[in-house]
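Right, one structure below, let's go through it.
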Amino acid sequence: MEKPFLTMNASRPIHPIQRALLLSLTTVSAFVLSACGSVVENRAADAGSSARDTRDVREAREARPLRNFDPDALIRQSPTAARGPDRNLTRQDPTSGLRVDINTPMANANRQDSAASAEALDAIGTPTDPLRPDATLNLSDATATQDLWGRIRKGYALPELQSDLVADHERWYASRPDYVQRMTDRGSRYLFHVVEEINRRNMPTELALLPFIESAFNPQAMSSARASGMWQFMPATGKDFELKQNLFRDDRRDVLASTRAALDYLQRLNRMFGDWHLALAAYNWGEGNVQKAIARNQRQGLPTDYLSLNMPPETRNYVPKLHAVRNIVMQPERFGLSLPPVENHPYFVSVPIQRDMDLALAARLAGLPQDEFKALNPSQNKPVILAAGTPQVLLPYDNANLFVQSLGKHKGPLASWTAWQVPSTMRPGDAAKRVGMSETGLRELNHIPPKMLVKAGSTLLVPRPEHREQDVSEALADNAMMALAPDLPPLRRVSFKAGKRDSVASVAKRYRVSAQQVAQWNRTSTSASFGKGQSVTVFVPAGNAVAAKSGAQTGTQARRAEPANSKTASAAVSRRSAVRVASAAPAARSASVSRSNGNAKLRTAPARNTRIRVASAR
C-alpha cells in the first residue's frame, strides 16, 4: 500500500466566527501575492526594453561622427600614456562611446598637420567674410542656396521711368545674349557682396546692377577719360573718397574699396538732390552739371525732373540703360534671355596678409590661375603684394583653405621683389648696376621710357636680396612714386622780337619744337599769332649752334633771308637783328615726369630769373 503524501491530523472544529476571519485573511493574501507577481513581470519587461534602447542609442552614437574629440586630451588623461610609443593605447570617447587608438601613425600625422595649419594661420590671419569680419561663416545656412537674383528683385525701389529709351536698350540687350551671358558670369563673383552692402545701407537693390552699365562688371576696365574700376572712378573723385592710387596699387579697381566709395558717393548725391534718378545722372555727369541744368530749367519755368533736363547723350541714356537691365533681371524670359544661377552666399572670403608675397606665388598656393587671382584682386599694379599696403586678398572659400594649408608647407622666401628709393638722380643703367639687374629688365619692370633720368626719391621695384628679412614699410608702400626727367643737354633761353607774320606754329617749325611747347613758354594758345615786335621766347639745347643762330634774327628778317628751299629756312641769319640770348642753368630747364599707375606727366620748369611760366605738357 502506497504511503499518502498528505496527512491531516484531526482536531476540534473551528468556531464559525474564526472561520470567517480566516477566509477573509486568505483572500487578502492571495490578492497581494497576485499583485506582486504582476509587478515583477512588468519590471522584467521594462528591463528588457531598456536594454534594447541602450543598444539602439549606442548604435546611433557609433553612426554619428565624433564631436569635440581631442586625442591629445585623451592621451594626457590616460594613466597608460607614460608607457611609451610602442604600446597600443586606446581610449573611449565619452560622447560617442567609440574606442579610438590614440597612438597610431595616422593620429600623429594629424597632430603634425594641425600644428602646420596653426603656423599658417598665425602667418596670414583667419579667413573671414570681408563685409562681416566679426561674424562666423555658416556654410550650412539654408538661405545660402537661394537665388540671389530673387533677393535683388525683392529690393527694387527705384520709381518707374516712362521713356522710349528704356525699350530701346531692352531690345539692344535682348539681341545680344552672348554679351549678357559674359557680363552676368563675370558679375557673379562680386554681386553678393555688392547686394550685402546695399541691403546694409537700405538702398534700392537696382544700384547693384549699376556696374553692368559702368563697366560690364569688369574691375580692370579703364575708360579713355582715365576712369577705372567696375564703378569707373576718375582719379580726382577716387582721391575724394579715400581710394589710394600709387605705384603699387590702385584702389579704384579694388572690389570692396570701390564698392564702399561708390555707395558713399551715391548716398551723398541722393541727399543732395532728393531723387535717385537725378543722383544717378550726377554720378555720370557730375553734380555741378546737374545743378546747372536744374537752375536753367528753373529760370525758364520748366520741370526739373530727370527727363526734363537738357543733358548730353551719354547721361540721357544712362538711367534708361539701368532700367532696361532692371527689367531684364525681373523677367528675363520675356526678353528671351536666361540668367546664370547665382547663389546667395559669398563667392570669396578675405585672407589677411601680414608678409610681402609674390603675386604669382600667392596664386599658386591658392590653386588659382593668375588671371583668376587678379580678377579677385585687381588693385595690384606690381608682381608683389606688399603687406603694409594690402591688408587682405580675396579668395574663393575652397581656395582660401588650400592657400592656408599650402602656405604652411611652403619652404623658401615668400617675396622675390622689394621697393628701393633712388638716393640721387641717375640714369636707369646706373640704377640697374646698383641693384644687380639688367638695364632692360629694370626699364621693363618699372615702365621707364628711353632717354629719361630717374630722379632722387623715386621708388623702383627691384630684386629682393636673399638676406633681407624686412618687408617694405607702410610709409613707402602708401606713398611710392616715380619722378623722371629727360636725359637731355642743358637748355638755353632764346628771346627775340616777332615779325609781322610770326605765329606759334611758324616759330615751332623754325626751332624744331612742338607748337604746344612754344604756346606754353609764351602763355598763349597753339593757334595764336604773335604781334609785330612782340617778345618771343623759346628754349633750345645749349650746343645747338643752328638753333642759336636762327634765334639771332627777327621773324621778318628771317623770312627776307629765307631761300626758296624751305629746308634751309631755319638756317638763314641776319646780323642786323636785335637779339638777346640768355644762358639758362641746367636746373632751370629740368623737366620732371610724375608717374602714377604707369601714367606719365611732363612738367618743364623755367629759369629762376625768368617770368615765363612753362606749363605741363603731356
Side-chain angles (χ1 to χ4, degrees), residues 131 148-149 151-161 163 165-166 169-170 172-173 179-180 182-223 225 227-234 237-238 241 243 251-273 275-287 290 306 311-312 314-330 332 339 342 347 378:
L131 294 181
L148 186 62
W149 298 115
R151 181 178 171 186
I152 293 174
R153 297 181 189 110
K154 291 179 181 179
Y156 280 179
L158 289 183
E160 293 291 337
L161 187 68
S163 172
L165 292 175
V166 176
H169 292 296
E170 288 173 350
W172 190 91
Y173 285 115
Y179 174 77
V180 174
R182 290 194 305 271
M183 183 171 62
T184 50
D185 283 342
R186 189 187 302 122
S188 63
R189 298 187 184 101
Y190 321 109
L191 199 55
F192 173 83
H193 295 272
V194 177
V195 174
E196 279 281 293
E197 186 66 17
I198 285 176
N199 287 158
R200 189 179 67 83
R201 299 170 182 240
N202 295 319
M203 300 171 71
T205 53
E206 290 100 329
L207 300 178
L209 308 176
L210 196 59
F212 286 124
I213 312 303
E214 287 287 348
S215 63
F217 255 112
N218 181 5
Q220 297 181 353
M222 174 73 78
S223 74
S228 183
M230 68 183 190
W231 293 96
Q232 289 291 282
F233 272 97
M234 294 292 289
T237 311
F241 288 90
L243 296 178
D251 282 349
R252 295 180 298 163
R253 299 198 302 263
D254 185 274
V255 175
L256 301 180
S258 65
T259 298
R260 184 266 309 159
L263 298 184
D264 285 347
Y265 191 19
L266 286 167
Q267 282 184 313
R268 191 183 80 177
L269 293 173
N270 185 53
R271 289 191 297 268
M272 181 183 298
F273 296 102
D275 180 275
W276 277 114
H277 287 163
L278 294 178
L280 289 167
Y283 186 86
N284 175 258
W285 192 22
E287 59 261 41
V290 174
Y306 172 80
M311 296 178 290
E314 180 182 344
T315 308
R316 169 67 59 197
N317 287 272
Y318 187 71
V319 176
K321 280 184 182 180
L322 180 61
H323 275 268
V325 174
R326 170 190 187 271
N327 296 339
I328 290 173
V329 171
M330 176 61 77
L339 301 178
V342 181
Y347 179 84

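- By the salt bridge (Lys or Arg N to Asp or Glu O under 4.0 Å) test, Arg182 is found to be paired with no residue, residues two or more places apart in sequence or in another chain being considered.
- Residues passing the side chain to side chain contact (heavy atoms under 4.5 Å, CB included) test with Ala281, sequence neighbours excluded: Val290, Tyr306, Met311, Thr315.
- For Val195, the side chain to side chain contact (heavy atoms under 4.5 Å, CB included) partners two or more places apart in sequence, or in a different chain, are Leu148, Arg151, Ile152, Leu191, Asn199, Ala208.
- Under the ring-ring contact (aromatic ring centres under 6.0 Å, His included) criterion, His169 pairs with no residue, sequence neighbours left out.
- Annotation for Ala282 and Leu269: closest pair CB-CD2, 3.9 Å, computed over non-hydrogen atoms.
- Between Thr184 and Val342 the shortest side-chain heavy-atom distance does not fall below 4.5 Å.
- Put simply, the side chain of Glu287 reaches to within 4.5 Å of the side chain of Arg268, judged on heavy atoms.
- Here the closest non-hydrogen pair linking Gln232 and Ala221 is NE2-O, 3.4 Å.
- Applying the salt bridge (charged side-chain N to carboxylate O under 4.0 Å, His left out) test to every pair with at least one member in residues 319-328, sequence neighbours left out, gives these pairs: Glu160-Arg326, Glu206-Arg326.
- In this view, Tyr265 and Phe241, Tyr283 satisfy the ring-ring contact (aromatic ring centres under 6.0 Å, His included) rule, not counting sequence neighbours.
- Closest heavy-atom contact between Leu263 and Glu197: CD1-CG, 3.4 Å.
- Atom CH2 of Trp149 and atom CG of Leu209 lie 7.0 Å apart (nearest 0.5 Å).
- With sequence neighbours left out, Ser163 forms a side chain to side chain contact (heavy atoms under 4.5 Å, CB included) with Leu161, Leu165, Val166, Leu307.
- Listed by chain and residue number, Arg249 satisfy the salt bridge (Lys or Arg N to Asp or Glu O under 4.0 Å) test with Asp251 (two or more places apart in sequence, or in another chain).
- The shortest side-chain heavy-atom distance between Thr259 and His193 does not fall under the 4.5 Å cut-off.
- Annotation: side chain of Pro159 is in contact with side chain of His277 (closest heavy-atom distance under 4.5 Å).
- The CG atom of Leu339 sits 8.5 Å away from the CD1 atom of Ile328 when rounded to the nearest 0.5 Å.
- Pairs of residues two or more places apart, or lying in two chains, that qualify as side-chain hydrogen bond (donor to acceptor under 3.5 Å, both in side chains) and include a residue from residues 211-221 are Glu214-Tyr318.
- Expressed to the nearest 0.5 Å, how far CG of Asn284 lies from CD1 of Ile213 amounts to 10.5 Å.
- Counting heavy atoms from C-beta outward, Val194 and Trp231 have side chains that approach closer than 4.5 Å.
- Ser258 places a side-chain N or O within 3.5 Å of a backbone atom of Asp254 that can act as its donor or acceptor partner.
- In terms of the salt bridge (Lys or Arg N to Asp or Glu O under 4.0 Å) criterion, Asp275 has no residue partners (sequence neighbours excluded).
- Remark: Ala157 engages Pro204 in a side chain to side chain contact (heavy atoms under 4.5 Å, CB included) (not counting sequence neighbours).
- Judged by distance alone, with hydrogens and angles left aside, the side-chain atoms of Arg189 form no donor-acceptor pair with the main-chain N or O of Tyr347 at under 3.5 Å.
- Residues Met234 and Ala225 come closest through the heavy atom pair CE-O, 3.0 Å.
- Side-chain contact between Leu266 and Trp276 is present, with heavy atoms from C-beta onward closer than 4.5 Å.
- Of the possible donor and acceptor atoms, one in the side chain of Ser223 sits under 3.5 Å from a partner among the backbone N and O of Ala227.
- A donor-acceptor pair under 3.5 Å is absent between the side-chain atoms of Ser228 and the main chain of Met222, judged by distance alone.
- By the 30° and 60° cut-offs, the orientation of the rings of Tyr190 relative to Phe217 is parallel.
- Checked against salt bridge (Lys or Arg N to Asp or Glu O under 4.0 Å), Arg186 has no partners two or more places apart in sequence or in another chain.
- Asp264 has a carboxylate O that lies under 4.0 Å from a charged side-chain N of Arg260, or vice versa, which qualifies the two as a salt bridge.
- Between the side chain of Arg253 and the backbone N or O of Gly229 there is no donor-acceptor pair closer than 3.5 Å.
- Phe212 and Val325 get closest at one heavy-atom pair: CD1-CG1, 4.2 Å.
- A salt bridge does not link Glu196 to Arg200: none of the charged nitrogens lies less than 4.0 Å from a carboxylate oxygen.
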